[in-house]
Novice: 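Take a look at this one; I'll ask things after.
Only a predicted model underlies this, so the values are computations on that prediction, with no experimental measurement involved.
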Amino acid sequence: MKRVLIILVAAALAAAAWASPPQYEYSGKWGSSGSGNGQFNVPYGVAIASSGNVYVADRSNARIQYFTSSGSFLGKWGSFGEGNGQFRMPSGVAVASNGNVYVADRYNNRIQYSTSTGSFLGKWGSEGTGNGQFDWPYGVAVAPNGTVYVGDTWNSRIQYFTSSGSFLGKWGSRGSGNGQFISPRGVAFAYSGNVYVAEYGNHRVQYFTSSGSFLGKWGSEGTGNGEFDRPTDVAVSSSGNLCVSDYDNHRIQYFTLTGSFLGKWGSYGSGNGQFYWPLGVAVAPNGDVYVVDSYNYRIQYFNQTNTAVVPESLGKVKALFR
């Protein structure tokens, strides 16, 4: 009987250890202030393709740059303007399962999309409050079926569209109630089919069904665990964790998909693992987290690790029953 208990306890301890939330450690960075290849001028959004390539909305340089997973420059497109493939303050960026890249072209009040190397494919949107119109769109996310979700910031709503821009639906109004928004920004689509929104003005995260039915929320203004000071973006990992860029707290927090706090990292500064107003956040297929460290003019990335404490030997378990 004692042997059975030892085995059961050891198994329970091992299971608890492996079930512990992941930890994140600094892995690398790239970028500096400027307009050259691999340099940035207040970068905003970031997205990871299934290939592992990293796309960055280089906001004040009015372009998209893309890189290998470790930051080697691969290419760029865009310039300042209103033409096809031009941008005025691109903010959010998302990569569809087919490799197409969607950009929230904020000051042009539109969404543009292109191939993975920047060849223009299409656009939609104009300034206004009607269906398919925008007032400073910040965030964009693409579901596996191609549906495009947009954080229509100053219209205080989320709109969603087909992959080519046909209007499908919307939800939200200005306020602090459930399903209402003050400055919704980052948007993420989870593998569960739910949509997560970083709400800059109400200092919280809300989540919904894919058609906008309210499911839950968490967060309030502050510096404690699970509190936010102007969250700007959200990203969901394949393992089911949600990362949030906590802008004015200069950190990343991560949670379960229902809002239970799991961990955090970062502080104000320019050292490795520190941030100066982090804006965009994205999770790679391997679980690594990429953060747009906007006013340090760089991208930092962090490796997912498991640091669970397990018994050093079965002898320690046996000692419990002596």
Novice: Distance-only, no hydrogens or angles: does the Gln112 side chain make a donor-acceptor pair with backbone N or O of Gln86 under 3.5 Å?
Specialist: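 Yes.
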Novice: Given the ring of Tyr138, does Arg185 sit roughly above its face, with NZ or CZ under 6.0 Å from the centre of the six-membered ring and within 45° of the axis?
Specialist: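 The answer is yes; both the distance and angle limits are met.
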Novice: Look only at the side chain of Asn109 and the backbone of Trp136, and say whether a donor-acceptor pair between them is shorter than 3.5 Å.
Specialist: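 Pair found, side chain donor or acceptor close to backbone of Trp136.
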Novice: Whether the Asn145 and Thr147 side chains hold a donor-acceptor pair (N or O, under 3.5 Å, no angle test) is what I'd like checked.
Specialist: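 Short answer, yes.
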Novice: Quick one: does Gln206's side chain have a donor or acceptor within less than 3.5 Å of a partner on Gln180's backbone?
Specialist: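 Checked: pair present.
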Novice: In terms of relative ring orientation, are Phe214 and Phe208 parallel, tilted or perpendicular, with 30° and 60° separating the classes?
Specialist: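 Because their plane-to-plane angle is over 60°, the rings of Phe214 and Phe208 count as perpendicular.
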Novice: Parallel, tilted or perpendicular, judged at 30° and 60°: which one describes the rings of Trp265 and Phe302?
Specialist: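 Rings of Trp265 and Phe302: tilted, as their planes differ by 30° to 60°.
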Novice: Does Glu25 reach the main-chain N or O of Asn303 with its side chain, forming a donor-acceptor pair under 3.5 Å?
Specialist: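 Not at all, since once roles are kept as given, no pair shorter than 3.5 Å links the two residues.
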Novice: Is the distance between the ring centroids of Tyr24 and Tyr254 under 6.0 Å?
Specialist: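 Centroid separation for Tyr24 and Tyr254: below 6.0 Å.
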Novice: Between the side chain of Thr153 and the main-chain N/O of Pro184, is any donor-acceptor distance below 3.5 Å?
Specialist: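 Here the side-chain-to-backbone pair exists.
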Novice: Decide whether Thr232 and Arg230 meet the rule of one side-chain donor and one side-chain acceptor closer than 3.5 Å.
Specialist: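 Arg230 and Thr232 do not have a side-chain donor-acceptor pair below 3.5 Å.
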Novice: Do the ring planes of Trp218 and Phe255 sit parallel (below 30°), tilted (30 to 60°) or perpendicular (above 60°)?
Specialist: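 Correct class here is tilted.
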Novice: For Trp277, does its backbone N or O pair with a side-chain atom of Asn296 as donor and acceptor, under 3.5 Å?
Specialist: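 Pair absent, no side-chain N/O of Asn296 close to backbone of Trp277.
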Novice: Is a side-chain donor or acceptor of Tyr102 paired with a backbone partner of Ser163 at a separation under 3.5 angstrom?
Specialist: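 The answer is yes, because a donor-acceptor pair under 3.5 Å joins these two groups.
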Novice: Yes or no on side-chain contact (heavy atoms from CB on, under 4.5 Å) for Gln300 and Phe275, after CA distance, side-chain angles and deciding distance?
Specialist: CA-CA 9 Å; Gln300 294 193 72; Phe275 304 110; 3.6 Å; yes
Novice: Partners of Leu215 by side-chain contact (heavy atoms from CB on, under 4.5 Å), sequence neighbours excluded?
Specialist: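 Leu215: side-chain contact (heavy atoms from CB on, under 4.5 Å) contacts with Asn194, Tyr207, Thr209.
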Novice: Short question: side chain of Asn155, backbone of Arg157 - any donor-acceptor pair under 3.5 Å?
Specialist: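 Not a single qualifying donor-acceptor pair exists.
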Novice: Tyr276 and Ser270: side-chain contact (heavy atoms from CB on, under 4.5 Å), yes or no, with the steps?
Specialist: CA-CA 7 Å; Tyr276 185 5; Ser270 58; over 6 Å; no
Novice: Distance check, rounded to the nearest 0.5 Å: Ser267 atom OG versus Asn249 atom CG?
Specialist: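 CG of Asn249 is found 11.0 Å from OG of Ser267.
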Novice: Using only atom types and a distance under 3.5 Å, with no angle test, would you say the side chain of Ser245 pairs donor to acceptor with the backbone of Val281?
Specialist: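 No.
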Novice: Are the side chain of Asn61 and the backbone of Gly34 linked by a donor-acceptor contact shorter than 3.5 Å?
Specialist: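 Side chain of Asn61 to backbone of Gly34: a pair is present.
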Novice: Evaluate the ring planes of Tyr301 and Tyr290, with Trp represented by its six-membered ring, and classify them as parallel (under 30°), tilted (30 to 60°) or perpendicular (over 60°).
Specialist: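 Parallel: the ring planes of Tyr301 and Tyr290 meet at under 30°.
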